[in-house]
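For reference, the structure discussed in these notes is given below.
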Amino acid sequence: MPIRLHNTLTQQLEVFTPLHGNTVRMYTCGPTVYNFIHIGNLRTFTFQDILRRWLRYRGYALDHVMNITDVEDKIIASAARDHKTLAEYTAPYEQAFFEDCALLRLERPERVVKATDHILEMAEAVQTLKAKGCTYVSEGSTYFRIASFPEYGKLSHNNFDGIISGARVDVDEYDKADARDFVLWKARKGDEPFWHEPIGDGRPGWHIECSVMAMKYLGETLDIHAGGVDLIFPHHENEIAQSESITGKPFSRFWLHSEHLQIESQKMSKSLGNFYTLRDLFEKGFSPESIRFLLASVPYRKKLNFTFDGLKAAATAIERLRNFEDRLKTAKLPDQTAGAGAEELAARAAKAVAAFESSLDDDLNTAEALAAVFEFVRETNTTLDQDRFPEANRAGALNVLNVFDRIFDVLRPNEQVPGLRLDLLAQPESPVGLTDAEIERLIEARTAAKKARNFVRADELRAELVEKGILIEDTKDGVRWKRK
RNA sequence: GGCGCGGUAGCCAAGUGGUAAGGCAGAGGUCUGCAAAACCUUUAUUCAGCGGUUCGAAUCCGCUCCGCGCCUCCA
């Protein structure tokens with residue numbers, strides 16, 4: 001079954017295939033590094049990660065470029081306030097961004113590129129636009145004239161004919177010919193950083209960096225361009241105007257946009273005090289896997305209500321899957337079973353994988369994909385309970401989880417991921433560190449006491465273990481334990 | 001004013017014409033010396049409301065109510 005994705009350009013679900021061979025050329029708008037990224041940013045980056053993984057699962061190779069915006073008004077203002085250069089100011093946030101991504105298991109794009117490494121190309125692009133008659137200069141700054149691009153508005157489906165009453169048209173300090181014209185190259189101003197280029201002393205406008213870097217690395221027509229819904233207008237609309245004016249070709253075939261999330265049913269905003277970074281959530285004791293699971297569990301085009309109850313529910317759901325995996329790996333299984341045969345059970349696993357796949361093929365319907373997995377877990381647990389799950393089907397069942405985790409990636413706790421800052425995670429209180437051998441010895445003593453029907457002693461030993469953060473599970477296959 | 005989205009069980013949330021997925025919480029049960037953990041079962045005659053189309057609607061159409069987004073920096 002083919003992958004179908006919702007294209008903002010056409011407002012429809014379309015079958016996706018790359019333009020050239022097997023490689024998907026994808027560009028995503030990365031962070032502006034003037035602060036730590038927040039949970040809303042992470043929703044978008046998680047969506048892009050799921051998209052990456054699903055495209056690869058379906059056999060495509062990726063050439064994915066993500067930009068880092070490291071020159072921009074807020075950065076300039078903050079750097080000036082702190083008496084730092086742009087690079088001095090942005091470097092720590094850039095590093096923090098990659099740490100956050102690693103903690104959430106977000107795959108690194110094939111190329112991560114910075115705006116300040118492409119100033120020359122941007123200035124050249126502005127020159128090209130000037131030569132094509134798409135620009136004008138006002139007070140030293142160069143603007144893009146949207147009247148030169150008749151298709152302006154085709155992405156956001158805004159109609160700019162005539163006056164839009166009620167809209168707050170902000171004609172700022174610069175003298176723009178049309179309120180919607182946007183700046184390509186800002187004239188040098190005061191003490192602000194600037195570059196000396198033929199187009200003039202100054203710095204690039206925001207939108208031009210994405211057009212330039214995307215086309216430099218991926219060619220004139222991308223397969224996919226993605227970002228948050230807020231970028232549809234004006235950022236992506238402007239990217240289209242610039243890029244297509246330069247090349248005369250479609251800039252991107254697919255435009256994918258992820259919805260915003262809300263916090264406890266409210267808009268996330270600094271003034272409401274519900275503005276969370278990953279670090280904030282770690283301090284509250286939530287794990288990266290819980291956060292990733294919650295962010296991934298709601299299809300990307302739906303608003304996601306991000307709540308602390310939701311995070312707890314996500315943690316419990318992951319625990320259920322981990323328990324299931326553990327059971328599958330360690331259970332003693334019969335060679336022969338009555339009732340449902342190996343073939344039927346194999347078909348059940350195949351059906352679960354097929355349902356998982358078709359859900360994600362359908363515009364990345366992660367909620368439906370999860371349902372397929374949990375249904376399989378329940379069915380298989382039942383069969384295991386009945387001692388009717390044969391050894392021959394073990395691998396097939398584990399494969400369902402492997403397929404699931406290739407995309408969701410929440411079954412393994414964080415460990416040695418390069419660049420991973422485990423120190424940022426809230427450490428669970430483990431008052432006393434018992435070695436495995438010590439734990440085993442205490443459990444053996446308890447088992448012996450139980451056998452001797454000395455339940456007082458057995459309960460003492462159990463209490464001691466619980467106190468030290470060890471969870472005892474008496475199963476019919478013997479005692480299992482795990483650290484809490 | 002323009003464009004667009006949404007209102008499904010206590011909470012989160014699939015489903016866009018064929019008779020309500022899944023997760024969490026709750027309740028009951030299995031297991032156990034008792035527990036815990038784990039697992040199982042169960043939980044919406046109903047999909048904001050009112051009309052309409054249809055053999056049949058949560059799904060299509062109209063109206064009403066409520067919430068939200070973009071049109072301005074923003075994931």
Side-chain angles (χ1 to χ4, degrees), chain A residues 8 11 28-32 37-48 72-74 153 156-172 179-180 206 226-235 237 257-262 265-269 293-294 297-307 309-321 323-324 326-327 355 359 362 365-382 384-386 450 453-456 458-459 462-463 466 471-476 479-482 484:
Chain A
T8 306
Q11 298 178 301
T28 57
C29 290
T32 300
I37 58 169
H38 54 71
I39 193 65
N41 295 304
L42 285 165
R43 199 239 171 142
T44 293
F45 297 135
T46 301
F47 143 63
Q48 290 162 2
E72 173 266 358
D73 290 355
K74 285 191 290 279
S156 56
H157 303 96
N158 281 324
N159 181 0
F160 295 110
D161 296 341
I163 297 160
I164 298 172
S165 61
R168 280 177 288 163
V169 177
D170 180 15
V171 182
D172 66 17
R180 252 156 274 275
W206 174 35
V229 284
D230 53 288
L231 295 183
I232 296 172
F233 190 89
H235 184 53
E237 196 73 75
H257 294 98
S258 54
E259 249 301 345
H260 283 183
L261 57 70
Q262 299 194 308
S265 301
Q266 286 189 301
K267 181 180 172 130
M268 180 175 69
S269 73
F293 185 95
L294 180 56
S297 65
V298 178
Y300 74 95
R301 289 198 297 124
K302 298 278 186 176
K303 285 189 187 66
L304 187 161
N305 190 9
F306 191 89
T307 66
D309 280 350
L311 280 174
K312 286 177 204 152
T316 310
I318 292 168
E319 202 52 38
R320 179 168 157 83
L321 294 172
N323 282 328
F324 176 67
D326 196 38
R327 184 177 188 187
S359 297
D362 182 18
N365 191 336
T366 47
E368 204 170 77
L370 281 174
V373 172
F374 279 102
E375 194 172 339
F376 177 75
V377 170
R378 177 173 35 73
E379 288 173 351
T380 305
N381 267 326
T382 302
L384 285 162
D385 282 350
Q386 295 165 345
K450 278 175 68 175
R453 303 196 67 79
N454 183 354
F455 296 121
V456 175
D459 287 350
R462 180 171 67 193
V466 167
L471 212 57
I472 309 274
E473 294 181 28
D474 292 333
T475 74
K476 65 176 180 234
V479 182
R480 289 199 317 206
W481 62 272
K482 57 186 175 186
K484 232 172 118 182

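Here is the naming used below: chain letters follow the sequence lines, and residue numbers restart at 1 for every chain.
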Whole-Å gap separating P (B/rG33) and CZ (A/F455): 7 Å

Residues in side-chain contact (heavy atoms from CB on, under 4.5 Å) contact with A/T307, at least two apart in sequence or another chain: A/E264, A/N305, A/D309

Among B/rC39, B/rC73, B/rC70, the nucleotide that comes nearest once only the side chain of A/K74 is considered: B/rC73

Euclidean distance for C1', B/rU64 against B/rU72 (whole angstrom): 32 Å

Pairing residues for A/S297 by the side-chain contact (heavy atoms from CB on, under 4.5 Å) criterion, not counting sequence neighbours: A/F293, A/L294, A/L370

Residues forming a side-chain contact (heavy atoms from CB on, under 4.5 Å) with A/A355, sequence neighbours excluded: A/A372

Side-chain donor/acceptor of A/R462 to base of B/rA35, under 3.5 Å: yes

Sequence-distant partners of A/F324, ring pair (Phe, Tyr, Trp, His ring centres under 6.0 Å), two or more places apart: none

Under 4.0 Å protein heavy-atom contacts per nucleotide of nucleotides 27-32 of chain B, with B for base, S for backbone only and - for none: ------

Of A/E319 and A/S265, the one whose closest RNA chain B nucleotide lies more 5': A/S265

Nucleotide of B/rG4, B/rC40, B/rA75 approaching A/Q11 most closely (side-chain heavy atoms): B/rG4

Protein-nucleotide distance (A/Q262, atom CD; B/rC11, atom P), rounded to Å: 15 Å

Those residues that, when tested against A/T32, pass side chain to side chain donor-acceptor pair (under 3.5 Å) (two or more places apart): none

Proximal nucleotide (of B/rG33, B/rC73, B/rC39) relative to the A/R453 side chain: B/rG33

Under-4.0 Å side-chain N/O to phosphate OP1/OP2 contact, A/N365 with B/rA14: no

Between B/rU43 and B/rA35 - C1' atom distance, rounded Å: 27 Å

Atom pairs and distances, donor-acceptor, side-chain atoms in residues 39-47 of chain A, under 3.5 Å, two or more places apart:
unit_1, atom_1, unit_2, atom_2, d
A/N41, ND2, A/H38, ND1, 3.4
A/N41, ND2, A/H38, NE2, 3.1
A/R43, NH1, A/E259, O, 3.0
A/R43, NH1, A/H260, O, 3.4
A/R43, NH1, A/K302, O, 2.7
A/R43, NH2, A/V298, O, 3.4
A/R43, NH2, A/P299, O, 2.9
A/R43, NH2, A/K302, O, 2.9
A/T44, OG1, A/S258, OG, 3.0
A/T46, OG1, A/L42, O, 2.6

Neighbours of RNA chain B within residues 298-306 of chain A, by heavy-atom distance under 4.0 Å: A/V298, A/P299, A/K302, A/K303, A/N305

Side-chain donor/acceptor contact of A/D230 with base of B/rG69 under 3.5 Å: no

Touch class at under 4.0 angstrom, heavy-atom based, for A/I37 against every strand present: nothing

Sugar-phosphate, base or nothing in reach of A/H157, heavy atoms under 4.0 Å: sugar-phosphate

Sequence-distant partners of A/A315, side-chain contact (heavy atoms from CB on, under 4.5 Å), two or more places apart: A/S290

Stem list, RNA chain B (Watson-Crick or G-U pairing under 3.5 Å, at least 3 consecutive pairs): B:1-7 with B:65-71, B:10-12 with B:22-24, B:26-30 with B:38-42, B:48-52 with B:60-64

Interatomic distance at P, B/rG18 relative to B/rC61, whole Å: 16 Å

Sugar-phosphate only, base, or nothing, as touched by A/H38 at under 4.0 Å among non-hydrogen atoms: base

Nucleotide nearest A/W206 (side chain, heavy atoms from C-beta), chosen from B/rC73, B/rC40, B/rG69: B/rC73

Output a table of nitrogen or oxygen pairs between the protein and nucleotides 17-26 of chain B separated by less than 3.5 Å.
unit_1, atom_1, unit_2, atom_2, d
B/rG22, OP1, A/R378, NH2, 3.3

Which residues share a ring pair (Phe, Tyr, Trp, His ring centres under 6.0 Å) with A/F233, sequence neighbours left out: A/F160

